[in-house]
Amino acid sequence: MKDMQTTYDPRDFEDKIYEKWVKEGCFKAKIDPDKVPFTVMMPPPNITGQLHIGHAMDETMQDIVVRFKRMQGYSVLWQPGVDHASLATEHKIVEKLREEGTTKEALGREEFLRRAWEWKAQYGGKIVEQLKKLGSSCDWDRLAFTMDERCSRAVREAFFRLYETGLIYRGSRIINWCPDCKTALSDEEVVYSEDAGHFWYFDYPVEGSGERITIATTRPETMLGDTAVAVNPKDKRYARFVGKTLLLPLTDRKIPVVADDYVDPEFGTGAVKITPAHDPNDFEVGLRHKLPVIRVMNDDGTINELGGAFAGLDRYEARKRVVESMKELGLLVKIEAHSHNVGHCHRCNATLEPIVSKQWFVRMAPLAKPAIEAVAKSKTKFTPDRFAKIYFNWLENIRDWCISRQLWWGHRIPVWYCGGCGAEICAREEPSVCPKCGSADLTQDEDCLDTWFSSALWPFSTLGWPEDTPEFKYFYPTDVLVTGYDIIPFWVMRMMFSGLRYTGKVPFRDVLIHGLVRDEQGRKMSKSLGNGIDPLKLIEKYGADSLRLALVTGVAPGNDMRMSETKIESSRNFVNKIWNASRFVLMNTKGTDVPPSLASVRLQPADRWIISRLMATVREVTLSLKKYDLGIAADKIVEFAWNDFCDWYIELSKPALYGDDPERKRQTLGVLLFVLENTLKLLHPFAPFVTEEIYGYLPHSSGSIMTADFPRYNSRLSYREEAKAFEGVIGFIKAVRAIKVSVNCPPSKKVHLFLVTDQKRLITVNKNAILRLAGASEIDFIERGSAAGEKTVSQVTDIAQIFIPLGELVDLEAERVRLTKELERVEGEIERAGCKLANQNFIAKAPKKLVDDERAKLEKFLDMKKKIQQQLSAL
RNA sequence: GGGGGCAUAGCUCAGUUGGUUAGAGCGCACGCUUCACAUGCGUGAGGUCACAGGUUCGAGUCCUGUUGUCCCCACCA
């Protein structure tokens, strides 16, 4: 076999390995009755989308969970797919058409849709290719699209069922209208921002008297649609006006003054113009007082013919002209600066108009209730669980969902209108004649459904629902949904009530919520700021493994994270470390017939220590992954691999590897390989490429690491007592190093160690490692410190009192200061432990183990104190 | 107005059900051309865990309040 490259360069193998996985069908989901299924639905990225860093994090988290479960022996389905993103896609195509100098209306529906599909074919696959670069192990053969036949059928079925049971209705309501996209939006699609505006104070004359009522408005142009002025019934200032008639300026209409609790007497002038067609609150007031609804605006934001002289003007031009006209009439009282929250289109950012419009709605109350219960009863659990509160908050305050969009790209509403009898027909498949009158004159509703209507069905539409397919039976309900907290109202919630409504089951058992990836300064990434981090560039520069590790380390679940290149550099350094450690082990393996398992190895103390640490790590990592604490799991692996394995065990193994006992070398290599292989397996879900690449070089490995068993905790390999004893050796070595540094003794200078100890055996067994790692030439056991002679530096450790004669390097005074400091520290500990143990409540109420530990600690420190005092007096 | 997050080392953040002497990465200081790795190794400095109470034998962790900060929702025309 070829040797590993001396330098780690992910570009050498990442693409190659991904191809291999795909070719060997490693990602394929299989219905296997002997295995437990584990299903994850990928949140389908928009076909318009480019892979951004947020996707990268979301995908990485899913891939980690999925790879872990696969290695644990589950039959895993990670279902990929893309979303047609009705509005987003249509918006982009319309823009493109605009550049070409045409419009969708000019093209016509059919031609427009042909273009859209063409566009989808051209760009829709791009994001899929980008996902592959990250190492996503989803079953690409099952790639779904929210507008493919399967999903479309599910959409029609869902619509039909809701329609049939009266949960879908059509009605004229106030909705959020985007005059640029020319469509209705749901409440969730509105982005509010605090915009600087004005308050215009207008006088409305009272009919038959010289009096006037002053109202204040932020949208003067809507006065053309005013049908009343409202005051608070308790407001004495206006009591005499209630029931009177006002002459609405700029029009020839007369409008009443009504009394309504909605009006806040403290705000503005206490008198409010009521425009039921253009304001949600006014609409409600209008209903209460049976006011006419006069809509004065067209779909494109211009004033319509009901606006009289202002007809045809754009809303902002109309605003200007209305104010001017009022001023000319002497009815403009004053203008104040006023900033207020204004709704914007989440897609094009245009200022939205609340407008009365005939749309399709889903009645939410009956759907929200079971969705709330399911989470309240923990049928679905949020991680972290605080997001359940946010979920409840949304569902408890939810209003009916406006699902119709005046768009062409999307699922067309499955409702037909009969030209013969006027019937409204909802059907799963297009009817040929009217079932009521038999007329063939049927016209389908022009509108499309909100994209999220189809996304809401994703966990089961992709599995073939409404058919009871084998996939649906085996893989549904899914296990975990991974997504950002910003998507809870759009998607998580809607999948929940849809799943419960149509399948009778929750769509997923766990929801793993993550935060946003922010830039180095903690700002949200946005196009306008230009602070976006391109994950593909990072993969090109550092490799996918490094990016993945950087995305999940040091983040608590649900919290936002800051991404920076330094962070990825650290991950890259770690991956590089793994690369080199593996290279070291494999280099030494050459020409040696390494034992295939630990069974035949006579384990040394250091071996048992590293195996013990490995087992502890296996246990912690497995538990953390189970709880979706990906960051903690990654930390534990890194800590083990870098500190325990590389910094300690590999160094400890060197005397055996470079020594003259071939059998000892062979056995040590057995341990090195065992630990390395398990480390790679633990790391594989996080860093799939490099672990697979290295795995291929291991002498006893076969197949892909992807299909290897995830390491299992084995209590027989935990060696707790021995490992603990060996920690003493490590502490001892560190102490010698520290002594040398403290007296500026060059590390290369070998020192002679004189030890007072009752652990001669432990030290003798590990003598070679100690000499090498501590930089010592000789070890002598002595009975008393004074035997080490003059000019000696000393230190107390858990396993020995160390004396090092360092001749002229020793500054007696500095040594005295150092030991005195050490003595103070130990005395502090004695004080602390003593106080604790003097507390009768502690002795009585704390667990026995803690009390015993504290006693042992006190003993230890008392002993140390005695020894340090001896050393001080010997100076 | 309602809800939520965050406040721990110079910076960015971890800290599992309360329990060793509170950790990591980066940065900093000093020292290392040690035969896997300078993308490295060794040693170290640096924290009254925002503040004030409370519960407890014991609080960074739980409770109450305060301050600062960020986010989501609602919203006064």
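Since this is a predicted model, take the numbers as computed values, not measurements. Every chain is numbered from 1, with letters handed out A, B, ... down the list of sequences.
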Please report the distance separating the [atom1] of [N] from the corresponding atom of [M], rounded so that it comes out in whole Å.
N	M	atom1	answer
B:U55	B:G18	C1'	12 Å
B:G15	B:C49	C1'	11 Å
B:A22	B:G68	P	31 Å
B:C11	B:G46	C1'	13 Å
B:U34	B:A50	P	44 Å
B:U8	B:G3	C1'	26 Å
B:C41	B:G54	P	48 Å
B:C30	B:U64	C1'	48 Å

Applying a 4.0 Å non-hydrogen cut-off, can you work out what [X] is touching in the nucleic acid: base, sugar-phosphate, or nothing?
X	value
A:W579	nothing
A:N559	sugar-phosphate
A:D560	nothing
A:A581	base
A:R386	sugar-phosphate
A:P847	base
A:F861	base
A:E651	base
A:R219	nothing
A:K577	base
A:A556	sugar-phosphate
A:K627	base
A:D264	base
A:I650	base

Phosphate-side-chain proximity, [X] and [N], N/O vs OP1/OP2 below 4.0 Å:
X	N	result
A:K749	B:C32	no
A:W642	B:C41	yes
A:K273	B:A77	no
A:H278	B:A77	no
A:N573	B:G40	yes
A:K654	B:A36	yes
A:K734	B:U43	yes

| task | Over 60° means perpendicular and under 30° means parallel, so classify the ring planes of A:F267 and A:H338, tilted if in between. | result |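 Correct class here is perpendicular.
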
| request: Please state whether the rings of A:Y649 and A:F645 are parallel, tilted or perpendicular, taking 30° and 60° as the class boundaries. | output: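 Parallel: the ring planes of A:Y649 and A:F645 meet at under 30°.
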
So which nucleotide does [N] pair with, by the Watson-Crick or G-U wobble rule with both distances under 3.5 Å?
N	value
B:U64	B:A52
B:U33	none
B:U69	B:G5
B:C11	B:G25
B:U39	none
B:G19	B:C57

Out of [options], which has the shortest distance to the side chain of [X]?
X	options	value
A:P747	B:U43, B:G4, B:G31	B:G31
A:D635	B:A14, B:C26, B:A77	B:A14
A:D647	B:C57, B:C41, B:A77	B:C41
A:Y192	B:A74, B:A77, B:A36	B:A74
A:V272	B:A74, B:G19, B:A77	B:A77

Please give, in whole Å, the distance from [N] [atom2] to [X] [atom1]?
X	N	atom1	atom2	result
A:L837	B:U20	CG	P	15 Å
A:K740	B:C41	NZ	P	18 Å
A:L623	B:U17	CG	P	12 Å
A:F382	B:G3	CZ	P	19 Å
A:K567	B:G27	NZ	C1'	16 Å
A:K849	B:G19	NZ	P	13 Å
A:H346	B:C72	NE2	C1'	17 Å
A:N393	B:G3	CG	P	8 Å

| message | Tell me whether A:R572 forms a cation-pi arrangement with A:Y542, defined as NZ or CZ under 6.0 Å from the six-membered ring centre and within 45 degrees of its axis. | response |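 No cation-pi geometry.
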
| message | Restricting to non-hydrogen atoms, name the atom on A:F392 and the atom on A:I372 that form the minimum distance, rounded to 0.1 Å. | response |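 Closest heavy-atom pair between A:F392 and A:I372: CE2-O, 3.4 Å.
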
| request: Determine the minimum heavy-atom distance between A:L291 and A:P276, stating which atoms define it. | output: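 Answer, listing the atom of A:L291 first, then A:P276: CB-CG, 4.4 Å.
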
| task | Could you check A:R562 against A:D629 and say which one's nearest nucleotide on RNA chain B is further toward the 5' end? | result |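 Closest to the 5' end, via its nearest nucleotide, is A:R562.
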
| said: Using heavy-atom distances to pick each residue's nearest nucleotide on RNA chain B, tell me which of A:G631 and A:Y658 is more 5'. | reply: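 Whichever sits nearer the 5' end wins; that is A:G631.
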
| request: Classify the side chain of A:E639 and the base of B:A14 as holding, or not holding, a donor-acceptor pair under 3.5 Å. | output: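 No.
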
| message | So, under a plain 3.5 Å distance rule, would you say the side chain of A:R737 forms a donor-acceptor pair with the base of B:U43? | response |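 Result: no qualifying N/O pair found.
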
| Is it true that A:K849 and A:D853 make a salt bridge, defined as a side-chain N closer than 4.0 Å to a carboxylate O? |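 Counted as a salt bridge, because a side-chain N and a carboxylate O are separated by less than 4.0 Å.
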
| field | Salt-bridge present (A:R219, A:E353; N to O < 4.0 Å) | value |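 Here A:R219 pairs with A:E353 in a salt bridge, since their nearest N and O are under 4.0 Å apart.
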
| Positive for side chain to side chain donor-acceptor pair (under 3.5 Å) with A:K273, one of A:T222, A:D282, A:D279 |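 That would be A:T222; it is the only one of A:T222, A:D282, A:D279 passing the side chain to side chain donor-acceptor pair (under 3.5 Å) with A:K273.
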
| Side-chain donor or acceptor of A:N232 paired with backbone N/O of A:V263 under 3.5 Å |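 Flag set: sc A:N232 to bb A:V263 pair under 3.5 Å.
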
| query | Between CG of A:L773 and NZ of A:K734, what distance do you get to the nearest 0.5 Å? | reply |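 That separation rounds to 11.0 Å.
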
